[in-house]
Amino acid sequence: MIKNKKINDSMKKEKGFTMQDLIIACFIITLFVGIITSLITKVYSTNAKTDLMSQMAFYSIQILEDIDKRSYEEITNDLADNYHSQLSIPSGFDINIEVTNYGEQEKLEDLIKIVKLTISYEFQGEMETYKVEKLKIKEI
């Protein structure tokens, strides 16, 4: 009986955390903080990329509506330079407009143009691109 009492007394004196318990707890907390931080970073990056794509879509709609208003003869490859200032598009956006004839047939060549609009922007070291094609038909 005396022997059991000594064992119980020595066990009561060793209450608290050991160094191993603290190291394991710090490791688990660090692991969770790392996972949560990477998730928040990924969500922020995806949100910013989505905002960027919506801006490119908005600018392309404005440009294509302006092209609809212009006459057939005004639609040329050098239109892109005007849109930065005309529509107040920020300098980070690169606009390229390529105008080609629709077909090789003589009848269609003078009546229809293909307008290829490309808007691009560099985001986190990668080039994000938004492309749209439109037909411009000559009014007779």
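Worth saying up front: this structure is predicted, and the values here are computed from it rather than measured. Along the sequence shown, residues are numbered consecutively beginning with 1.
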Undergrad: With sequence neighbours excluded, what pairs up with T41 under the side-chain hydrogen bond (donor to acceptor under 3.5 Å, both in side chains) test?
TA: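 Listed in chain order: nothing, the list is empty.
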
Undergrad: Mind listing the closest non-hydrogen atom pair of I75 and S71 along with its distance?
TA: CG1-O, 3.5 Å

Undergrad: Indicate every side-chain donor-acceptor pair of residues 18-32 with a distance under 3.5 Å to a residue at least two apart or in another chain.
TA:
residue, atom, partner, partner atom, Å
T18, OG1, D21, N, 3.3
T18, OG1, D21, OD2, 3.2
D21, OD2, T18, N, 3.4
T30, OG1, C26, O, 2.7

Undergrad: Just grab all the salt bridge (Lys or Arg N to Asp or Glu O under 4.0 Å) pairs involving residues 26-39, residues at least two apart or on different chains.
TA: none

Undergrad: Taking only residues two or more places apart in sequence or in another chain, which ones pass side-chain hydrogen bond (donor to acceptor under 3.5 Å, both in side chains) with S88?
TA: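 With sequence neighbours excluded, S88 shows a side-chain hydrogen bond (donor to acceptor under 3.5 Å, both in side chains) to no residue whatsoever.
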
Undergrad: Just jot down the side-chain hydrogen bond (donor to acceptor under 3.5 Å, both in side chains) partners of S45, sequence neighbours excluded, or say none.
TA: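 In terms of side-chain hydrogen bond (donor to acceptor under 3.5 Å, both in side chains), with neighbours along the sequence ignored, S45 is linked to Q124.
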
Undergrad: Applying side-chain contact (heavy atoms from CB on, under 4.5 Å), name anything that partners T46, two or more places apart in sequence or on another chain.
TA: K42, T50

Undergrad: Just verifying a value: how many Å separate L117 CG and Y59 OH, rounded to the nearest 0.5 Å?
TA: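 These two atoms lie 13.5 Å from each other.
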
Undergrad: In the single-linkage hydrophobic clustering (I, L, V, M, F, W, Y; side-chain heavy atoms under 4.5 Å), do L111 and I137 co-cluster?
TA: yes

Undergrad: Would you sort out whether T76 and V99 count as a side chain to side chain contact (heavy atoms under 4.5 Å, CB included), showing the intermediate values?
TA: CA-CA 6 Å; T76 59; V99 180; 5.7 Å; no

Undergrad: Can you pull out every salt bridge (Lys or Arg N to Asp or Glu O under 4.0 Å) where at least one residue sits in residues 69-78? Sequence neighbours excluded, please.
TA: D66-R70, E73-K138

Undergrad: Between K136 (side chain only) and V115 (backbone N and O only), is there a donor and an acceptor less than 3.5 Å apart?
TA: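 Looks like no, no N/O pair under 3.5 Å.
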
Undergrad: Going by the rule ring pair (Phe, Tyr, Trp, His ring centres under 6.0 Å), which residues pair with Y121 if we only count those two or more places apart in sequence or in a different chain?
TA: F93

Undergrad: Taking the six-membered ring of F123 (Phe, Tyr or Trp), confirm whether the NZ or CZ of K49 is under 6.0 Å from its centre and within 45° of its axis.
TA: no

Undergrad: Would you list the atom pairs, donor with acceptor, under 3.5 Å between side chains in residues 125-134 and any protein atom, with sequence neighbours excluded?
TA:
residue, atom, partner, partner atom, Å
K134, NZ, D68, OD1, 2.7

Undergrad: Which distance, rounded to the nearest 0.5 Å, do you find between the CD1 of I67 and the CD1 of I97?
TA: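 Answer rounded to 0.5 Å: 4.5 Å.
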
Undergrad: Quick check: closest heavy atoms across N101 and K113, and the distance to 0.1 Å?
TA: OD1-CG, 4.2 Å

Undergrad: Which atom pair, heavy atoms only, marks the closest approach of I63 to Y83?
TA: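 Reported closest heavy-atom pair: CG2-CE1, 3.8 Å.
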
Undergrad: Can you tell me how far the CD atom of Q55 sits from the CD1 atom of I89, to the nearest 0.5 Å?
TA: 10.5 Å

Undergrad: Could you check whether any side-chain heavy atom of D81 comes within less than 4.5 Å of a side-chain heavy atom of I95, counting everything from C-beta outward?
TA: no

Undergrad: Can you list the residues that meet the salt bridge (charged side-chain N to carboxylate O under 4.0 Å, His left out) rule with D94, with sequence neighbours excluded?
TA: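 Partners of D94 under the salt bridge (charged side-chain N to carboxylate O under 4.0 Å, His left out) test: none.
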
Undergrad: How long is the straight-line distance from CD of Q62 back to CD of E65, given to the nearest 0.5 Å?
TA: 7.5 Å

Undergrad: Check which hydrophobic residues are tied to I36 through side-chain heavy-atom contacts below 4.5 Å, counting indirect links as well, and list them.
TA: I40

Undergrad: Taking transitive links into account, so neighbours of neighbours count too, which hydrophobic residues share a cluster with I61 at under 4.5 Å side-chain distance?
TA: none

Undergrad: If hydrophobic clusters are built from ILVMFWY residues whose side chains come within less than 4.5 Å, do L87 and L52 share one?
TA: yes

